[in-house]
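Below, all heavy atoms of this structure are taken into account, side chains as well, without hydrogens, waters or symmetry copies. As the structure is a prediction and not an experimental result, all values here were calculated from the model.
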Amino acid sequence: MKKPHFLKNPVFFLFLLITASSLTILIFSFLKLPETTPATGNHLRKLGDDLSDELGFFGKMMIEMLPEDLVFTAFVPSEKSFSRDLGLKSNNSRPIKSQEDDDGDNTYAVVSRIMSFAVVPNKVEEVDLGKDETASYESLSGFTLKIWKKRNGGGLVVNGIVTEKMGLKRGKIIAHIMNGVVMDSDFAQSLASSTPQDEDDP
């Protein structure tokens with residue numbers, strides 16, 4: 001009985017075996033790939049109304065500046081803190097998505113600068129810290145944040161500013177609402193010198 005031609009040539013037989021194995025692996029790999037959503041070309045995330053209400057107008061603006069697929073912890077000033085400490089008043093009817101939308105009031109620039117001080121590229125939650133531990137994190141601008149647990153009750157303290165609400169989550173971003181604004185002293189001084197003080201405020 002005559003042998004088939006491909007069995008006579010071991011190199012050709014090995015080539016057929018490797019090709020068949022590779023094709024099988026390739027087919028099974030394609031069958032097991034997870035579905036991916038198409039990129040929209042816009043890295044800004046739209047927040048749901050539930051989280052927008054808790055973060056407020058400027059907090060929502062701050063969170064929407066961050067890419068949704070990376071881990072960040074944002075120490076977002078409360079709406080009252082934005083008004084009291086930064087002199088920003090919300091105008092929900094006027095969307096501000098870039099510096100061009102500012103109409104000369106520098107709102108976008110101020111909020112993006114605060115974001116650079118108050119956002120760290122790490123996950124920071126109360127459970128991550130020990131009882132008397134003080135952790136140091138570097139913000140997006142390189143500003144150092146010292147974070148520890150509140151002694152009485154739950155919550156965190158960030159550079160002396162206490163959290164009002166903890167652990168709002170949207171995708172991989174964690175937002176803590178703060179009773180104040182996390183910023184460096186130079187920026188605080190420049191704001192104090194440029195923001196007119198309202199005589200009626202207590």
Side-chain angles (χ1 to χ4, degrees), residues 43-92 94-99 101-102 105-129 134-150 153-188 190-192 195:
H43 75 284
L44 297 181
R45 224 164 15 88
K46 299 297 170 219
L47 300 175
D49 289 337
D50 54 339
L51 193 58
S52 297
D53 291 343
E54 294 184 76
L55 287 172
F57 180 73
F58 299 112
K60 178 186 175 212
M61 183 193 307
M62 192 168 144
I63 294 298
E64 285 183 347
M65 292 177 188
L66 297 169
E68 68 179 68
D69 56 343
L70 299 175
V71 174
F72 290 103
T73 301
F75 300 100
V76 180
S78 65
E79 199 73 4
K80 183 180 176 184
S81 300
F82 271 113
S83 175
R84 179 190 67 217
D85 301 339
L86 300 172
L88 297 179
K89 308 283 188 229
S90 71
N91 180 359
N92 293 317
R94 184 174 60 98
I96 303 172
K97 298 188 178 186
S98 69
Q99 200 137 12
D101 298 331
D102 256 356
D105 65 1
N106 294 324
T107 301
Y108 185 86
V110 170
V111 172
S112 63
R113 189 71 176 129
I114 294 302
M115 182 202 67
S116 74
F117 293 126
V119 174
V120 296
N122 305 88
K123 180 180 81 71
V124 183
E125 294 185 278
E126 192 175 0
V127 294
D128 299 327
L129 297 170
T134 298
S136 288
Y137 291 92
E138 202 169 274
S139 73
L140 297 179
S141 67
F143 180 57
T144 301
L145 303 184
K146 300 282 188 190
I147 304 170
W148 62 92
K149 282 185 179 181
K150 273 169 52 173
L156 295 174
V157 181
V158 182
N159 288 15
I161 299 169
V162 180
T163 53
E164 281 186 4
K165 188 155 189 166
M166 296 281 298
L168 302 174
K169 294 183 182 178
R170 197 67 173 177
K172 294 185 178 182
I173 298 173
I174 301 167
H176 303 304
I177 298 177
M178 310 299 292
N179 183 19
V181 181
V182 177
M183 58 184 159
D184 74 0
S185 56
D186 291 341
F187 189 68
S190 72
L191 278 176
T195 305

### Message
Testing the basics here: between Leu129 and Ala135, what is the closest heavy-atom pair and its distance to 0.1 Å?
### Response
CD2-CB, 3.4 Å
### Task
Mind checking side-chain contact (heavy atoms from CB on, under 4.5 Å) for Leu140 and listing every partner two or more places apart, or none if nothing turns up?
Leu66, Phe72, Met115, Val119, Pro121
### Query
Would a 4.5 Å heavy-atom cut-off, applied to side chains only, mark Glu68 and Arg170 as touching?
no
### Query
Any side-chain heavy atom of Phe58 within less than 4.5 Å of one from Thr107?
yes
### Task
Kindly indicate, with the supporting measurements, whether the criterion side-chain contact (heavy atoms from CB on, under 4.5 Å) is fulfilled by Leu168 and Val76.
CA-CA 10 Å; Leu168 302 174; Val76 180; over 6 Å; no
## Note on the structure
Residue set satisfying side-chain hydrogen bond (donor to acceptor under 3.5 Å, both in side chains) with Ser116, at least two apart, ordered chain then number -> Arg113
### Summary
Distance col, row Leu156:CG vs Lys149:NZ, nearest 0.5 angstrom, shows 8.5 Å
### Query
Heavy atoms, side chains only, cut-off 4.5 Å: are Ile147 and Phe75 in contact?
yes
#### Entry: Lys123: side-chain hydrogen bond (donor to acceptor under 3.5 Å, both in side chains) partners, not counting sequence neighbours
Glu125, Asp128
### Task
Could you tell me which non-hydrogen atom of Phe117 sits nearest to which non-hydrogen atom of Ser141, and how far apart they are?
CD2-OG, 3.4 Å
### Message
Within the 4.5 Å heavy-atom criterion, are Asp85 and Pro77 side-chain neighbours or not?
### Response
no
### Task
Might you point out which heavy atoms bring Val162 and Lys150 nearest each other, and give the distance in Å?
CG1-CD, 3.3 Å
### Query
Roughly how far apart are Leu55 CG and Phe82 CZ, rounded to 0.5 Å?
9.5 Å
Taking distance alone, no hydrogens or angles, what donor-acceptor pairs closer than 3.5 Å link side-chain atoms of residues 172-181 to residues at least two apart or in another chain?
{"residue": "His176", "atom": "ND1", "partner": "Gly167", "partner atom": "N", "Å": "2.9"}
{"residue": "His176", "atom": "NE2", "partner": "Val124", "partner atom": "O", "Å": "2.8"}

#### Entry: Lys80 atom NZ, over 12 foreign heavy atoms within 6.0 Å
no
### Message
Would the distance check show the side chain of Asn106 and the main-chain N or O of Ala109 forming a donor-acceptor pair, the cut-off being under 3.5 Å?
### Response
no
### Query
Hey, what do you get for CD1 (Ile114) to CE (Met61), rounding to the nearest 0.5 Å?
12.5 Å
### Task
Please report the closest heavy-atom contact between Glu126 and Gly154, naming both atoms and the distance.
OE2-CA, 3.4 Å
### Partners passing side-chain contact (heavy atoms from CB on, under 4.5 Å) against Asn159 (at least two apart in sequence or in another chain)
Phe143, Leu145, Lys146
### Task
Evaluate the criterion side-chain contact (heavy atoms from CB on, under 4.5 Å) for residue pair Met183 and Leu86; output intermediate values, then yes/no.
CA-CA 11 Å; Met183 58 184 159; Leu86 300 172; 4.3 Å; yes
### Query
What residues form a side-chain hydrogen bond (donor to acceptor under 3.5 Å, both in side chains) with Ser78, not counting sequence neighbours?
Ser81
